Colleague: 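Take a look at the following structure, please.
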Amino acid sequence: AAGIVQDVEPGGILALANYPTFAPESYNEAPADARRNRSLTDPLETGSVAKLFTAALLLDSNLVTPNTLFDCEGGRWVVGRRAVKDSHELGIVPFTEVMRHSSNIGIIKAAEALDNESWYAGLRRFGLGQRAGIDLPGEGSGLLYPPDRWTRLSRSSLPMGYEMALTS
């Protein structure tokens, strides 16, 4: 587990804690797993939080509006060889409802408007796949593959937060 308290405006870290932990005076006796600063090193898949990144890019590029309609297929859809499900049985709804209900199907369909290069560049502008530059050693960069490494499933994975990861 990892916990961070951040001063949001300047971005400074006020407190950081990890579990399992160790006693600093017994550093050499603690297992390596307990000495790792998970907040900085361990990438976590973004999951549905990634929908916000994709939505922001779509809205900022005027590729969708809050009222653009998307067919969420009643909550079940097959894209390529992947079955995609939603927790809500939505039909045709505006983009605001896609986001409100965190529709996997709706965000995948909306993301079809993005070309790979601008989508990747936009995600990088949000800081995905790179270090934040915190003033502590061992910070990982998370994960975001460039488009030349995307597979046939990437375009339906990325909008739902798969194939990308961030450190805390």
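Computed from a prediction, not measured in an experiment: that's the story for all the values here.
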Colleague: How would you list, by chain and number, every residue that makes a salt bridge (Lys or Arg N to Asp or Glu O under 4.0 Å) with Lys109, sequence neighbours excluded?
Modeller: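 Partners of Lys109 under the salt bridge (Lys or Arg N to Asp or Glu O under 4.0 Å) test: Glu73.
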Colleague: Does one hydrophobic cluster hold both Met99 and Leu69, with members joined at side-chain heavy-atom distances below 4.5 Å?
Modeller: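 In one cluster: no.
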Colleague: The criterion is salt bridge (Lys or Arg N to Asp or Glu O under 4.0 Å); which residues satisfy it with Arg38, sequence neighbours excluded?
Modeller: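 Counting only residues at least two positions away or on another chain, Arg38 forms a salt bridge (Lys or Arg N to Asp or Glu O under 4.0 Å) with Asp33, Asp42.
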Colleague: Measure across Gly133 and Glu139 and return the closest heavy-atom pair with its distance rounded to 0.1 Å.
Modeller: N-OE1, 3.1 Å
Colleague: Could you identify which residues cluster with Tyr27, counting Ile, Leu, Val, Met, Phe, Trp and Tyr as linked when any side-chain heavy atoms lie under 4.5 Å apart, either directly or through a chain of such contacts?
Modeller: Phe22
Colleague: Go through the structure and list residues passing side chain to side chain donor-acceptor pair (under 3.5 Å) with Asn116, not counting sequence neighbours.
Modeller: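 In terms of side chain to side chain donor-acceptor pair (under 3.5 Å), with neighbours along the sequence ignored, Asn116 is linked to Arg155.
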Colleague: Pairs in or reaching into residues 140-153: which pass salt bridge (charged side-chain N to carboxylate O under 4.0 Å, His left out), with residues at least two apart or in two chains?
Modeller: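 Output for this query is empty, none listed.
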Colleague: Are Leu59 and Phe70 connected in the hydrophobic side-chain network, where two residues link if heavy atoms are under 4.5 Å apart?
Modeller: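 Hydrophobic grouping puts Leu59 with Phe70.
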Colleague: Name each donor-acceptor pair under 3.5 Å that joins a side chain in residues 87-97 to protein atoms two or more places apart or in another chain, with its distance.
Modeller:
| from | atom 1 | to | atom 2 | distance (Å) |
| --- | --- | --- | --- | --- |
| Glu97 | OE1 | Arg100 | NH1 | 3.0 |
| Glu97 | OE1 | His101 | NE2 | 3.2 |

Colleague: Between CD1 of Ile13 and CG of Leu136, what distance do you get to the nearest 0.5 Å?
Modeller: 8.0 Å
Colleague: How many angstroms lie between CG in Leu128 and OG in Ser141, if you round to the nearest 0.5 Å?
Modeller: 10.5 Å
Colleague: What is the distance from atom OH of Tyr120 to atom OG of Ser154, rounded to the nearest 0.5 Å?
Modeller: 12.5 Å
Colleague: Within this structure, what is the CG-CG distance for the pair Leu123 and Leu57, rounded to the nearest 0.5 Å?
Modeller: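 Here the rounded value is 5.5 Å.
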Colleague: Is a side-chain donor or acceptor of Trp77 paired with a backbone partner of Cys72 at a separation under 3.5 angstrom?
Modeller: no
Colleague: Who clusters with Val78? Use side-chain heavy atoms, under 4.5 angstrom, across I, L, V, M, F, W and Y, and order the result by chain and number.
Modeller: none
Colleague: Stepwise, does the side-chain contact (heavy atoms from CB on, under 4.5 Å) test hold for Leu40 with Thr167?
Modeller: CA-CA 6 Å; Leu40 300 177; Thr167 60; 6.0 Å; no
Colleague: Who are the side chain to side chain contact (heavy atoms under 4.5 Å, CB included) partners of Thr65, not counting sequence neighbours?
Modeller: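 For Thr65, the residues satisfying side chain to side chain contact (heavy atoms under 4.5 Å, CB included) (neighbours in sequence not counted) are Asn67, Thr68.
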Colleague: According to side chain to side chain donor-acceptor pair (under 3.5 Å), does anything in residues 122-134 pair up with another residue at least two apart or in another chain? List the pairs.
Modeller: none
Colleague: Is there a side-chain contact between Val79 and Ile105, using heavy atoms and a 4.5 Å cut-off?
Modeller: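 Sidechains of Ile105 and Val79: no contact.
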Colleague: What distance separates Ile108 CD1 from Asp86 CG, expressed to the nearest 0.5 Å?
Modeller: 8.0 Å
Colleague: Sequence neighbours excluded, which residues qualify as side chain to side chain donor-acceptor pair (under 3.5 Å) partners of Asn18?
Modeller: Asn37, Ser39
Colleague: Is it the case that over 12 heavy atoms from other parts of the model lie below 6.0 angstrom from the CZ atom of Arg76?
Modeller: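 It does not: Arg76 CZ has 12 such atoms or fewer within range.
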Colleague: Does a side-chain heavy-atom distance below 4.5 Å link Thr46 with Leu166?
Modeller: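 The answer is yes; the side chains approach within 4.5 Å.
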Colleague: Considering only distance and modelled atom types, tabulate donor-acceptor pairs under 3.5 Å from the side chains of residues 48-55, sequence neighbours left out.
Modeller:
| from | atom 1 | to | atom 2 | distance (Å) |
| --- | --- | --- | --- | --- |
| Ser48 | OG | Lys51 | NZ | 3.0 |
| Ser48 | OG | Ser102 | OG | 3.4 |
| Lys51 | NZ | Ser102 | O | 2.7 |
| Lys51 | NZ | Ser102 | OG | 2.8 |
| Lys51 | NZ | Asn104 | OD1 | 2.7 |
| Thr54 | OG1 | Trp119 | NE1 | 3.4 |

Colleague: So, for Leu44 and Ser168, which heavy atoms are closest and what is the spacing to 0.1 Å?
Modeller: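 For Leu44 versus Ser168, the nearest heavy atoms are CD1-OG, 3.9 Å.
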Colleague: Just to verify, what does Thr21 make a side chain to side chain donor-acceptor pair (under 3.5 Å) with, not counting sequence neighbours?
Modeller: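 Residues passing side chain to side chain donor-acceptor pair (under 3.5 Å) with Thr21: none at all.
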Colleague: Do Tyr145 and Met164 belong to the same hydrophobic cluster, where Ile, Leu, Val, Met, Phe, Trp and Tyr are linked whenever their side-chain heavy atoms lie under 4.5 Å apart, directly or via other members?
Modeller: yes
